[in-house]
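Data block below; observations after.
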Amino acid sequence: MSKKISEELKTISGITVTPFDGETGEIDWQGVEENVEFLIENGLKVIVPCGNTSEFYALTIEEAMEETKRTVEIARGRCLVVAGIGYSVGTAIEMGQKAKADGADAIMIHMPVHPYITSEGAKDYFEEIIRAVDLPAVIYFKNPSVSDDILVELADLEQLVGVKYAINDLPRFAKALESLPQDAGVTMICGTAEKWAPFYYSAGAEGFTSGLVNVHPKKSFELLDALQQQDYSTAFGIWHEIVEFEDLREKYSSGNNVVVIKEAMEILNMTAGPPRPPVAPLNDADREAVSQLLSRWALKSY
């Protein structure tokens with residue numbers, strides 16, 4: 001039964017932004033509700049709270065679990081809620097079991113950030129969590145030093161339904177996809193958003209993650225539609241419209257990933273608030289670049 005969810009992942013996985021109060025630094029729960037409603041109202045069928053764009057590693061474990069719980073409550077079955085979990089094996093299992101109890105549809109297991117990681121150790125990490133949490137699971141595959149072979153070894157697990165592949169090496173991705181059994185029931189997702197989605201799709205991806213949907217969902221869905229129709233001429237026309245935004249997010253070794261989205265949301269009168277350390281607010285030049293881009297897109301306040 002779990003494998004059926006893999007079909008529902010062949011779309012945009014919208015990674016939520018966690019809004020923080022500008023004075024207290026606490027999570028603005030009203031803002032969480034507003035932002036999740038915005039995504040659902042604009043057609044998102046897969047929403048991922050506690051992803052990296054949610055500032056996962058700046059949240060306490062309790063905050064992350066509460067964010068998942070509230071997202072499920074807000075969604076009310078109108079979309080899949082895929083809860084981000086991670087840290088130690090035990091902590092990830094605790095988070096995953098809590099997500100299940102709170103009604104999440106699936107989990108996304110973050111790649112371990114341990115400085116000393118081996119492929120076999122990563123396989124054991126993912127497998128232990130997947131087996132312990134009785135929910136469909138997506139692996140966030142991000143560390144290039146970890147062998148793609150572990151995906152083949154894990155593919156037989158009934159609960160593995162997707163891989164968010166976030167290593168921008170297209171020949172490597174294509175080989176990883178080809179190595180999976182044809183009946184594995186594992187959806188391969190471009191894990192590096194709209195900038196890379198056309199390239200991943202040409203190599204066999206069937207979904208992509210997005211932070212842009214928090215700002216400009218219409219454009220993200222235009223890209224998805226073109227890619228699903230294999231209309232690459234249209235897809236790359238759209239790509240040229242949004243690549244500057246994604247380039248801004250990639251500045252400073254992707255240090256701008258979250259704060260560019262938050263700045264754009266604030267300009268559009270949405271609730272995002274400041275980032276938490278170790279992310280800093282945008283500098284003046286980048287802030288102006290975001291403002292000018294939104295003007296060219298002719299986006300108005302929501």
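Please read all numbers here as calculations on a predicted model, not as lab measurements.
Checked for salt-bridge contact, Glu194 and Lys219 miss the test: no charged N lies under 4.0 Å from a carboxylate O. In summary, Glu73 and Arg70 do not engage in a salt bridge, as defined by a charged side-chain N under 4.0 Å from a carboxylate O. In this structure, Glu266 does not pair ionically with Lys262, as no charged nitrogen and carboxylate oxygen lie closer than 4.0 Å. The pair Glu62-Lys69 does not count as a salt bridge, with every side-chain nitrogen at least 4.0 angstrom from each carboxylate oxygen. A salt bridge links Arg249 and Glu246; the closest N-O separation between the charged side-chain nitrogens and carboxylate oxygens is under 4.0 Å.
Between the CZ atom of Phe199 and the CG atom of Leu170 there is a distance of 7.5 Å, given to the nearest 0.5 Å. In this structure, Ile189 CD1 and Lys164 NZ are separated by 8.5 Å, a value rounded to the nearest 0.5 Å. Atoms NZ and OG1, on Lys142 and Thr192 in that order, are 8.0 Å from each other to the nearest 0.5 Å. Between atom CD1 of residue Ile85 and atom NZ of residue Lys98 there is a gap of 13.5 Å, rounded to the nearest 0.5 Å. Rounded to the nearest 0.5 Å, atoms CD (Gln228) and CZ (Phe221) are 9.5 Å apart.
For the residue pair Asn256/Asp286, the side-chain donor-acceptor check at 3.5 Å is satisfied.
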Could you please spell out the steps behind the side-chain hydrogen bond (donor to acceptor under 3.5 Å, both in side chains) verdict for Ser54 and Thr18? CA-CA 5 Å; Ser54 313; Thr18 304; 4.5 Å; no

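Note on ring orientation: taking the six-membered ring where Trp is involved, the planes of Phe208 and Tyr201 are perpendicular (angle over 60°, cut-offs 30° and 60°).
The closest donor-acceptor contact from the side chain of Lys195 to the backbone of Ile242 lies at 3.5 Å or more, if one exists at all.
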